[in-house]
Amino acid sequence: MSNHELFSDEEQEHFKTEIFENDNAHQKAIELGFFDCNLLFQALTTVDNIFELKDENNDMKFVSRSGDLKQEIGLELKISRNTEWIFKNIDGQRCLVCDGEKKIILFASANDGLGYPDAQLTSASAKGVKTKDKIHRNYGSYMDKDSYKTWICFYPSRKDIKYSQQDRSKLKIELVFPTAYTIVKEGQEEKYLVKNHLIRMILNNQNSDGNLKPKLRSPSPEDITSSTITEEDFPINLKVG
């Protein structure tokens, strides 16, 4: 493992993350041009319900969770009639983008540092070169109004200890602005763990009612189910009238 610091030694020594938590984090997100971040928790709740309904024999359930979350976030944005933020392919990577705000959001499940201001926050698994390139461009660009800034939305991994608790209302999501990364060797390939977040917005679930149990489809009432055959049971070309 080796480090790639985008800061000089002097800057690194005095580096400090600006941290916002809970209501202040939600307010700061709005000030910085983001959407109402409560919808992130709405999407996460839906995705967790979907996840828990998947059979343990589905060996892709963890892999698909990331895609499910992006899908639900897109739907929540449409429901809120927010048309400024849309998913796009940026350099071959699916991102949530706001052209007006010059912002890009990547999504990643987080390590154990999620929600803890004193912990070093990064992704649960190392990322590829496309993420690295976007983070590299972040350095020195924060005050540049003409350049796109890449943020990362860290959501809880299913290994997060809070998922073993009955009350999941304490789950956190973070929006961060990373400026450096650590290089990790995986076989012959280099992967990257982002770090040195200039800003961490540690968001709480303002919509939570503590009920995150799977929402199963309600069965039809017995009186609706009938053995009587009607014309709806036939192909359209066989219907009469």
Side-chain angles (χ1 to χ4, degrees), residues 1 17 19 21-22 25 29 37-74 76 87 93-96 104-128 130-132 134-135 150-178 180-186 189 191-197 199-208 210-214:
M1 181 181 294
T17 302
I19 294 176
E21 296 187 75
N22 303 325
C37 289
N38 288 301
L39 70 81
L40 296 173
F41 288 95
Q42 292 289 100
L44 183 65
T45 299
T46 301
V47 168
D48 282 336
N49 290 333
I50 294 171
F51 179 89
E52 288 161 13
L53 288 172
K54 290 181 179 178
D55 189 270
E56 62 182 3
N57 294 319
N58 184 340
D59 56 5
M60 297 297 288
K61 62 187 294 186
F62 284 94
V63 176
S64 63
R65 185 169 177 255
S66 174
D68 289 342
L69 181 61
K70 291 178 184 178
Q71 174 178 297
E72 290 303 322
I73 290 171
E76 289 292 341
F87 279 97
Q93 194 173 28
R94 198 69 174 168
C95 314
L96 188 57
I104 296 170
I105 302 179
L106 302 178
F107 294 85
S109 60
N111 69 344
D112 294 339
L114 181 66
Y116 298 98
D118 296 330
Q120 187 176 71
L121 175 68
T122 190
S123 54
S125 59
K127 300 303 176 184
K130 294 174 183 177
T131 296
K132 183 266 290 186
K134 290 181 176 65
I135 303 310
T150 296
W151 293 70
I152 294 185
C153 175
F154 281 118
Y155 57 91
S157 163
R158 286 295 301 195
K159 296 179 181 179
D160 192 306
I161 189 65
K162 296 182 180 67
Y163 275 111
S164 65
Q165 303 171 1
Q166 186 173 2
D167 179 12
R168 297 181 188 167
S169 63
K170 304 302 183 184
L171 286 171
K172 301 288 186 178
I173 291 176
E174 292 200 35
L175 269 175
V176 307
F177 186 79
Y181 48 83
T182 294
I183 301 174
V184 180
K185 281 284 190 178
E186 293 187 358
E189 189 177 5
K191 291 293 188 75
Y192 309 90
L193 293 169
V194 300
K195 62 178 183 178
N196 288 3
H197 311 300
I199 294 177
R200 286 178 64 181
M201 292 182 285
I202 304 174
L203 303 156
N204 62 337
N205 189 355
Q206 296 180 331
N207 291 329
S208 177
N211 180 19
L212 297 182
K213 296 179 181 178

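Contacts of Y192 classified as ring-ring contact (aromatic ring centres under 6.0 Å, His included), with partners at least two apart in sequence or in another chain: Y181. In this structure, the side-chain contact (heavy atoms from CB on, under 4.5 Å) partners of Q93, at least two apart in sequence or on a different chain, are C95, L106, K130, T131, K134. Remark: D160 pairs with no residue by the side-chain hydrogen bond (donor to acceptor under 3.5 Å, both in side chains) rule, at least two apart or across chains. Not counting sequence neighbours, the partners of K172 by the side-chain hydrogen bond (donor to acceptor under 3.5 Å, both in side chains) test are N22. Legend: residues meeting side-chain contact (heavy atoms from CB on, under 4.5 Å) with D112, ordered by chain and number and at least two apart, are absent. Residues meeting the side-chain contact (heavy atoms from CB on, under 4.5 Å) test with A25, sequence neighbours left out: F20, M201, L203. Residues satisfying the ring-ring contact (aromatic ring centres under 6.0 Å, His included) criterion with F41, sequence neighbours excluded, are absent altogether. Partners of D68 according to the salt bridge (Lys or Arg N to Asp or Glu O under 4.0 Å) rule, which considers only residues two or more places apart in sequence or in another chain, are K54. Partners of K191 according to the salt bridge (Lys or Arg N to Asp or Glu O under 4.0 Å) rule, which considers only residues two or more places apart in sequence or in another chain, are E186. In this structure R94 satisfies the salt bridge (Lys or Arg N to Asp or Glu O under 4.0 Å) test with no other residue, sequence neighbours excluded. Among residues two or more places apart in sequence or in another chain, the side-chain contact (heavy atoms from CB on, under 4.5 Å) test is passed with Q42 by E76, N207.
Contact of the E174 side chain with the I152 side chain is not registered, since no non-hydrogen atoms from C-beta on lie closer than 4.5 Å. R158 places a side-chain heavy atom less than 4.5 Å from the side chain of D48. Residues I173 and C37 have side chains not in contact (no heavy-atom distance under 4.5 Å, counting atoms from C-beta outward).
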**OP:** Output, in order, the C-alpha distance, side-chain angles, deciding distance and verdict of side chain to side chain contact (heavy atoms under 4.5 Å, CB included) for L40 and L44.
**Re:** CA-CA 6 Å; L40 296 173; L44 183 65; over 6 Å; no
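Looking at every heavy atom in both residues, Y155 comes nearest to S66 through OH-CB, 3.5 Å. Residue N205 comes nearest to S169 through the heavy atom pair CB-O, 4.1 Å, listed as atom of the first residue, atom of the second, then distance. Nearest approach of K127 to A108, heavy atoms of both residues: CE-CB, 3.7 Å. In plain terms, the two heavy atoms of A180 and N196 that are nearest each other are CB-ND2, 3.6 Å.
Here the CG atom belonging to L96 is positioned 9.0 Å from the SG atom belonging to C153, to the nearest 0.5 angstrom. Remark: T150 OG1 to F177 CZ distance equals 7.5 Å, nearest 0.5 Å. If you take CG on L39 and OG1 on T45, they are separated by 11.5 Å, rounding to the nearest 0.5 Å. E72 CD to T46 OG1: the interatomic distance, rounded to the nearest 0.5 Å, is 5.0 Å. Here the CG-CG distance, from L193 to N111, works out to 8.5 Å after rounding to the nearest 0.5 Å. Between atom CD1 of residue I73 and atom CZ of residue F87 there is a gap of 5.0 Å, rounded to the nearest 0.5 Å.
Taking the six-membered ring where tryptophan is involved, the planes of F154 and H197 are perpendicular, since the angle between them exceeds 60° and thus also 30°.
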Could you list the donor-acceptor pairs under 3.5 angstrom formed by side chains in residues 114-122, with sequence neighbours left out?
unit_1, atom_1, unit_2, atom_2, d
Y116, OH, K162, NZ, 3.4
T122, OG1, V194, N, 3.3
T122, OG1, V194, O, 2.8

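When atom types are taken as modelled, the side chain of S157 and the backbone of K159 share a donor-acceptor pair closer than 3.5 angstrom.
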